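No experiment lies behind these values; they were computed from the predicted model shown.
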Amino acid sequence: MATEPHGGTPADDTGAHRPHDEAHQGLLARWHTTLLAAREGAEGPDPAPYGRALLDRWAEPHRRYHGTDHLRAVLDHVDELAAHLPGPDTTDGPADGPADGRTDGPTDGPEADPQAVPGNGRGLDPAAVRLAAWFHDAVYRPDRSENEERSARLAERALTEAGVPAARVAEVARLVRLTVTHDPADDDLNGAVLCDADLAVLAGTPEQYAHYAAEIRQEYAFVPDDAFRDGRSAVLRQLLGLPRLFRTAHARARWEAQARHNLTTELALLSAG
């Protein structure tokens with residue numbers, strides 16, 4: 001996600017180490033389910049090689065925050081948000097959002113009108129949002145600024161080859177590009193869910209947020225302290241200046257206050273130098 005200072009197809013060999021453990025297999029199973037749902041019954045190649053190649057990318061050694069744990073968390077938060085939208089529960093995995101007992105506020109976000117969604121006209125497209133989660137940081141180099149664009153192009157090539165309909169491929173690529181700004185339109189439910197899921201890390205406990213901030217600093221270890229402090233502070237001020245960090249009613253009720261507290265605390269620490 002683009003909240004830090006500033007390839008080829010999925011079958012490419014990235015040279016990454018791929019852990020073969022239960023969590024890895026669980027992600028592969030979720031990928032398989034999502035890709036089949038995205039095809040809408042159409043025939044296509046075996047999903048497994050695509051999923052394995054994507055996980056190779058997410059496990060690249062230079063990643064500290066933007067790794068498989070982040071991918072899993074975004075997928076879980078997509079499921080949590082989807083479960084709180086009007087209509088049937090469409091989750092495909094467990095949600096791990098904070099169980100703080102808070103309840104939803106008024107439904108005045110984009111989910112209030114689930115028909116008004118550019119690109120599909122049917123409310124939330126869970127398969128498109130989940131595929132966008134898989135691809136949104138598939139290409140990630142902290143020293144480059146075109147990661148989202150390269151990730152979107154990767155999604156366009158890979159998902160077309162994998163048998164996903166053209167309209168859904170276009171929607172996935174649009175959503176990946178949206179993570180540059182995390183600023184979906186008011187009627188963009190797909191964009192709201194993806195962006196809220198990606199930014200949910202900002203609303204962790206103080207300990208979780210400190211761990212996240214430390215991992216971001218590790219990814220930018222090549223940046224001198226003064227430059228990192230200035231760049232990161234600018235990002236935090238930009239986020240705090242937004243009228244709202246989260247677009248769905250469920251995310252705002254659960255995460256907005258804690259996220260603003262965490263951002264304010266980090267900014268104060270950076271300013272203290």
Side-chain angles (χ1 to χ4, degrees), residues 1-8 10 54 57-58 60 62-67 70-71 73-75 77-78 81 109-110 117-120 124-125 128-159 168-203 212-213 215-217 219-220 222-223 227-228 230-248 251 255-256 259 263 266-267:
M1 68 183 196
T3 57
E4 303 79 41
H6 291 307
L54 278 168
R57 290 178 175 276
W58 283 93
E60 290 166 337
H62 64 272
R63 298 174 185 248
R64 293 297 181 268
Y65 170 68
H66 291 89
H70 172 56
L71 170 62
V74 173
L75 290 169
H77 285 119
V78 167
L81 294 170
V117 181
N120 61 52
L124 184 70
D125 181 347
V129 177
R130 291 184 181 114
L131 287 175
W134 273 92
F135 279 94
H136 81 287
D137 285 324
V139 178
Y140 180 72
R141 288 284 301 274
D143 58 339
R144 296 180 180 177
S145 60
E146 72 277 12
N147 291 316
E148 292 85 359
E149 179 59 30
R150 293 177 66 202
S151 295
R153 292 178 183 176
L154 176 65
E156 288 169 337
R157 294 193 299 272
L159 294 176
R168 183 167 278 132
V169 172
E171 176 67 357
V172 171
R174 181 189 74 82
L175 291 170
V176 171
R177 292 183 173 102
L178 186 60
T179 61
V180 174
T181 62
H182 292 92
D183 187 22
D186 288 341
D187 61 353
D188 182 3
L189 183 55
N190 286 343
V193 170
L194 178 65
C195 291
D196 284 2
D198 195 24
L199 293 179
V201 64
L202 303 179
Y212 149 73
E215 288 183 328
I216 293 297
R217 184 64 184 106
E219 288 186 341
Y220 285 85
F222 60 90
V223 178
F228 179 84
D230 291 345
R232 180 70 177 172
S233 295
V235 169
L236 298 177
R237 292 190 186 96
Q238 184 270 329
L239 289 170
L240 287 168
L242 295 174
R244 55 185 181 179
L245 293 167
F246 300 100
R247 302 306 181 95
T248 63
W255 302 333
E256 184 83 20
L263 293 168
E266 184 186 2
L267 182 59

Would you mind reporting whether F222 and H62 have side-chain heavy atoms less than 4.5 Å apart?
no

Applying salt bridge (charged side-chain N to carboxylate O under 4.0 Å, His left out), can you list everything that pairs with R237, at least two apart in sequence or on another chain?
none

Tell me, do L245 and L263 make a side-chain contact under 4.5 Å, heavy atoms counted?
yes

Where do H136 and W58 come nearest, in terms of heavy atoms and distance?
CE1-CH2, 3.6 Å

Does R174 pair with E171 as a salt bridge, N-O distance under 4.0 Å?
yes

When you look at R64 and H70, which way does the side chain to side chain contact (heavy atoms under 4.5 Å, CB included) test go after all the steps?
CA-CA 9 Å; R64 293 297 181 268; H70 172 56; over 6 Å; no

Between E146 and R141, is any pair of side-chain heavy atoms under 4.5 Å apart?
no

Where do H66 and E60 land on the side chain to side chain contact (heavy atoms under 4.5 Å, CB included) test, with the steps shown first?
CA-CA 9 Å; H66 291 89; E60 290 166 337; over 6 Å; no

Can you find a heavy atom in the side chain of L267 that is under 4.5 Å from one in the side chain of L240?
yes

Would you check, one step at a time, whether the test side chain to side chain contact (heavy atoms under 4.5 Å, CB included) holds for F228 with I216?
CA-CA 10 Å; F228 179 84; I216 293 297; 4.2 Å; yes

Supply the atom-to-atom distance L178 CG to N190 CG, rounded to the nearest 0.5 angstrom.
10.0 Å

Is atom CZ of R217 surrounded by more than 12 heavy atoms (other residues, nucleotides or ligands) closer than 6.0 Å?
yes

Is R247 salt-bridged to D183, cutoff N-O under 4.0 Å?
yes

For residues L124 and L81, determine if any side-chain heavy atom of one lies less than 4.5 Å from a side-chain heavy atom of the other.
no

Gap separating the CG atom of L54 from the CZ atom of F135, nearest 0.5 angstrom:
4.5 Å

L159 side, atom CG; L154 side, atom CG - distance, nearest 0.5 Å
8.0 Å

Nearest heavy-atom contact between A251 and D196 is CB-OD2, 3.3 Å

Identify the two heavy atoms, one from V172 and one from A128, that lie closest to each other, and give their separation to 0.1 Å.
CG2-O, 3.6 Å

Charged N to carboxylate O below 4.0 Å: is that the case for R177 and E156?
yes

Kindly indicate whether the side chain of L71, heavy atoms from C-beta on, has any atom under 4.5 Å from the side chain of D137.
no

How about Y140 and E219: do any of their side-chain heavy atoms sit closer than 4.5 Å?
yes

Is there a side chain to side chain contact (heavy atoms under 4.5 Å, CB included) between R57 and V139? Walk through the geometry before answering.
CA-CA 7 Å; R57 290 178 175 276; V139 178; 3.9 Å; yes

So does D230 get a backbone contact from the side chain of S233, meaning a donor-acceptor N/O pair under 3.5 Å?
no

What are the two closest non-hydrogen atoms of A227 and V223, and how far apart are they?
CB-CG1, 3.8 Å

What heavy-atom pair brings A155 and V169 nearest, and what distance separates the two atoms?
O-CG1, 4.3 Å

Exercise: identify the closest heavy-atom pair between L75 and R130
CD2-O, 3.9 Å

